[in-house]
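Numbered from 1 within each chain, the chains take letters A, B, ... in sequence-line order.
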Amino acid sequence: MSQITTIDQVGAYVGQMVTIRGWLYNKRSSGKIRFLLIRDGTGIIQSVVVKSEAAPEAFNATEILTQESSLEISGTVRADARAPGGYELQVSDLRAIQIAEDYPISPKEHGVSFLLDHRHLWLRSSKQHAVLRIRSYVIQAAQTYLNRKGFVLFDAPILTPAACEGTSTLFETDYFYGEKAYLSQSGQLYAEAGAMAFGKVYTLGPTFRAEKSKTRRHLAEFWMLEPEMAFAELEDILSLAEDLVTHLVQSVLTDRSEELKVLERDLTKLQSVVPPFPRITYDQALDLLKEKGISHPWGDDFGANEDAIISEQFDRPVIITHYPLETKAFYMKSDPQKPDLALCVDVLASEGYGEIIGGSQREDDYDTLLQRLVQHNLPRESFEWYLDLRRYGSVPHSGFGLGIERTVAWICGINHLREAIPFPRLLQRMYP
RNA sequence: UCCCCGGUAGCUCAGCUGGUAGAGCGGGUGGCUGUUAACCACUUAGUCGGCGGUUCGAGUCCGUCCCGGGGAGCCA
């Protein structure tokens, strides 16, 4: 048996014999010469089986190989411009491990519903593969970035006793002894406790929303990255958000160019994602909408349409701050200059991808926070621990949440969040 | 919860004003020594989402339910 390697490494073995273990992606036959496209998770390579050159058993094996059959294949690596990827394998030996039967996903077109029913197999196709590799890389790059800045990974619980924000609908489940538990919609409140302990923390994990959202921008289960910093004001997280988003986009551009190519992503759109991002206030956004002929009442949050029109005006993500306080969550701090505004931020991705970041400076005064809890009809008992953070050494602090799937979908240029997570949880769909 | 669109072969779809279902792909068989979603020939393939109604006759019209997709609201 020759040197076992992976497809992404074959360039180092030109002229040598190697063994690849993988699956049959597609095959073409022209009688006595057969072309097998093999994938192994790291890439795809074309293998050429010529009757006069390969072992007879190897040539015969190509006969029975069906799409997605698993196999082990040995041959000489050759550079050839005719092969997709630039290298091909001149096959001398081939062993089928398992013959796949009636693989449902053909290289032709399929509908969304069918593909989602076969998500466990759909993951193998090259576009999905590229998206999920970029997802993996985005999460890794975000963590590397934050770790380097001195942030501590601080995992928040998923089972929580009550609403974090008191706004959205939560998934409810049974806890012990008749108690109820709710799936977390945000790790933020816990991250605030972490910030008071460690200074700078971030949570990273799944969050859950039980709203019956039925759009391409919503998932019932999605991943969120939530940095939280003590001794930080709104301005500090605006810089952090801008810097983090830039870092993610530029890192993918340099380190995941192959995947972006598979996705046929317009790179110029990503290349322009560099500081400074435009920063406008809610009031300025209203003016901007008015210029476009849209009158939006002061006090109302923007809908999908407004977000799209605002972000269209810029070639990079836009930072919107100072929304009306009354529409926002109870923990947001009001602007001392204009108390009816919140010290908060939304970052809208470019190209109409919508909100990828939402954050704020947090209310750090005990009495004000308590008053706001009451205003929002939230049960004080559930938040005693949270109030403690303002009793014992309260400091100005701020943070935001970055939606992983929205960020990945935007970077990849795909039009639905369901492709940005391995197994999406949607309103009508929890299988597979 | 509301609004719009859809459900016909394993997949993607066509099927006009009602007259007993068709193409491409896939599967199968055969051919081809450089294919690129290969190609060529032959072949296989259906409770037309369910139920009820109108009609001599319903994939087609009506009612109703189920399932899916897109959007609104909510938000990452």
Mind checking [X] for me? I need base, sugar-phosphate or nothing, with any heavy atom below 4.0 Å counting as a touch.
X      : result
A:T66  : nothing
A:I357 : sugar-phosphate
A:T407 : nothing
A:G403 : sugar-phosphate
A:E88  : base
A:Q46  : base

Just how far, in rounded Å, is [atom2] of [N] from [atom1] of [X]?
X      : N      : atom1 : atom2 : answer
A:E101 : B:rG28 : CD    : P     : 10 Å
A:D117 : B:rC11 : CG    : C1'   : 12 Å
A:D301 : B:rA76 : CG    : P     : 9 Å

Table please: side-chain donor-acceptor pairs of residues 44-52 of chain A below 3.5 Å, with sequence neighbours left out.
unit_1: A:Q46; atom_1: NE2; unit_2: A:E88; atom_2: OE1; d: 3.3

Q.
Measuring from the side chain of A:D102 (C-beta onward, heavy atoms only), which nucleotide among B:rC32, B:rG27, B:rA76 has the closest atom?
A. B:rG27
Q: Please figure out whether A:Q90 or A:Y103 has its closest RNA chain B nucleotide nearer the 5' end.
A: A:Y103
Q) Starting at the 5' end of RNA chain B and moving along, which residue's nearest nucleotide shows up first, A:E109 or A:N26? A) A:E109
Donor-acceptor list for residues 307-315 of chain A side chains, cut-off 3.5 Å, not counting sequence neighbours:
unit_1: A:S311; atom_1: OG; unit_2: A:A308; atom_2: O; d: 3.4
unit_1: A:Q313; atom_1: OE1; unit_2: A:K292; atom_2: NZ; d: 3.4
unit_1: A:Q313; atom_1: NE2; unit_2: A:I309; atom_2: O; d: 2.8

Q | Partners meeting ring-ring contact (aromatic ring centres under 6.0 Å, His included) with A:F114 (sequence neighbours left out) | A | A:H110, A:H118
For [X], all residues meeting side-chain contact (heavy atoms from CB on, under 4.5 Å), sequence neighbours excluded:
X      : result
A:S126 : A:Y25, A:V262
A:Q428 : A:K214
A:K149 : A:Y145, A:F151, A:D243

Q.
Are A:V252 and A:V138 packed together at the side-chain level, in the sense that at least one heavy-atom pair is separated by less than 4.5 angstrom?
A. yes
Q: Provide the distance between the two P atoms, one in B:rA37 and one in B:rC42, to the nearest whole Å.
A: 25 Å
Q: Please state the P separation for the pair B:rG22 and B:rC48 - nearest whole angstrom.
A: 14 Å
Q. Excluding sequence neighbours, so at least two apart, what forms side-chain hydrogen bond (donor to acceptor under 3.5 Å, both in side chains) with A:D300?
A. none
Q: Only counting residues at least two apart or in another chain, list the ones meeting salt bridge (Lys or Arg N to Asp or Glu O under 4.0 Å) with A:D301.
A: A:K328
(Q) I'd like to check the salt bridge (Lys or Arg N to Asp or Glu O under 4.0 Å) partners of A:R82; sequence neighbours left out, ordered by chain and number. (A) A:D80
Q) For the side chain of A:S29 and the backbone of A:G31, is there at least one donor-acceptor N/O pair under 3.5 Å apart? A) yes
Q: Summarise how protein sits on nucleotides 67-73 of chain B as a single string, 5' to 3': B when a protein heavy atom is under 4.0 Å from the base, S for sugar-phosphate-only contact, - for no contact.
A: -SBBBBB
Q | Secondary structure string for RNA chain B (Watson-Crick or G-U under 3.5 angstrom, | for other-strand pairs) | A | (((((((..((((.....[..))))((((((.......))))))....(((((..]....))))))))))))....
**Q.** Check: B:rU33 base within 3.5 Å donor-acceptor of A:S52 side chain
**A.** yes
Quick one: which protein N/O atoms are closer than 3.5 Å to N/O atoms of nucleotides 7-10 of chain B? Pair and distance per line, please.
none

Q) Where do A:A54 and A:V91 come nearest, in terms of heavy atoms and distance? A) CB-O, 3.6 Å
Q. Under 5.5 Å between ring centres and under 30° between planes: does that hold for A:F222 against the base of B:rA76?
A. yes
